[in-house]
Amino acid sequence: MYKAYKMKLHPGQEQEYKRRYDQLWPEMQEMMRAHGGRNYSIFLDQDTLTLFAVIEIEDEALWAKGADTPVNRRWWDYMEDIMETNPDNSPLSVDLPLLFHLD
């Protein structure tokens, strides 16, 4: 199944966001895979600083459990200064419904 959502960067943080994801920690990659994630892509609308993310997941409940892992919490803390976040430093995100898919 596909999961898509949008998030937002703080102004001027586009290159820093890309740099951090270019150096995504191996343990973060392992956690995402262990929680059923694959084919993860994040796009940027440069006019609005909106990030659009889409990932293939095996199961919504399994994927959600990844949020409570120590490595994920560290990642949220690491990214908090460059994007809009909730009080727990999780990204402020809006889920987007799938309306069409073509394999």
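Quick caveat, the model's predicted, so the values are computed rather than measured.
- The side chain to side chain donor-acceptor pair (under 3.5 Å) test applied to D47 returns no partner, not counting sequence neighbours.
- Every residue two or more places apart in sequence or in another chain that forms a side chain to side chain donor-acceptor pair (under 3.5 Å) with K18 is listed here: D22.
- Side-chain heavy atoms closer than 4.5 Å link hydrophobic residues (I, L, V, M, F, W, Y) into clusters, and following such links, even through other members, never connects L51 to V54.
- Scanning for side chain to side chain donor-acceptor pair (under 3.5 Å) contacts around D59 gives an empty result, with sequence neighbours left out.
- The ring-ring contact (aromatic ring centres under 6.0 Å, His included) pairs that include a residue from residues 54-75 are Y21-W75, W25-W75, W75-Y78, where partners are two or more places apart or lie in different chains.
- Between P91 and N86, the shortest heavy-atom contact is O-ND2, 3.3 Å.
- Legend: salt bridge (Lys or Arg N to Asp or Glu O under 4.0 Å) pairs involving residues 26-40, not counting sequence neighbours, sorted by first then second residue: E27-R74, R38-E56.
- Within a 6.0 Å sphere centred on CD of Q23, heavy atoms belonging to other residues, nucleotides or ligands number more than 12.
- Under the 4.5 Å side-chain heavy-atom criterion for Ile, Leu, Val, Met, Phe, Trp and Tyr, Y40 and F52 are members of distinct hydrophobic clusters.
- Judged as a salt bridge (Lys or Arg N to Asp or Glu O under 4.0 Å), the pairs with a partner in residues 60-72 (not counting sequence neighbours) are, in order, K3-E60, D68-R73.
- Residues N39 and I55 form no side-chain contact, since every pair of their non-hydrogen atoms from C-beta on lies 4.5 Å or further apart.
- Side-chain contact between P11 and L49 is present, with heavy atoms from C-beta onward closer than 4.5 Å.
- Partners of E80 by salt bridge (Lys or Arg N to Asp or Glu O under 4.0 Å), not counting sequence neighbours: none found.
- Closest approach of Y2 to D103, counting heavy atoms only: OH-OD1, 4.1 Å.
- Every residue two or more places apart in sequence or in another chain that forms a side chain to side chain contact (heavy atoms under 4.5 Å, CB included) with K6 is listed here: T50, V94, L96.
- For A67, the side chain to side chain contact (heavy atoms under 4.5 Å, CB included) partners at least two apart in sequence or on another chain are N72, W76.
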Would M79 and T85 satisfy side-chain contact (heavy atoms from CB on, under 4.5 Å), going step by step from the backbone distance to the final call?
CA-CA 9 Å; M79 299 299 284; T85 61; over 6 Å; no

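- E16 pairs by the side chain to side chain donor-acceptor pair (under 3.5 Å) definition with R19, R20, not counting sequence neighbours.
- The side chain to side chain contact (heavy atoms under 4.5 Å, CB included) search around Q46 returns L44, not counting sequence neighbours.
- Annotation for I57 and G37: closest pair CG2-CA, 4.4 Å, computed over non-hydrogen atoms.
- In this structure the side chain of M7 reaches within 4.5 angstrom of the side chain of M83, judged on heavy atoms.
- For the pair N89/D77, a side-chain contact is recorded, criterion being any heavy-atom separation below 4.5 Å from C-beta on.
- In the hydrophobic clustering of this structure, M31 groups with Y5; members are Ile, Leu, Val, Met, Phe, Trp, Tyr whose side-chain heavy atoms approach within less than 4.5 Å, directly or through other members.
- Closest of all the heavy-atom pairs between D88 and S90 is OD1-OG, 2.6 Å.
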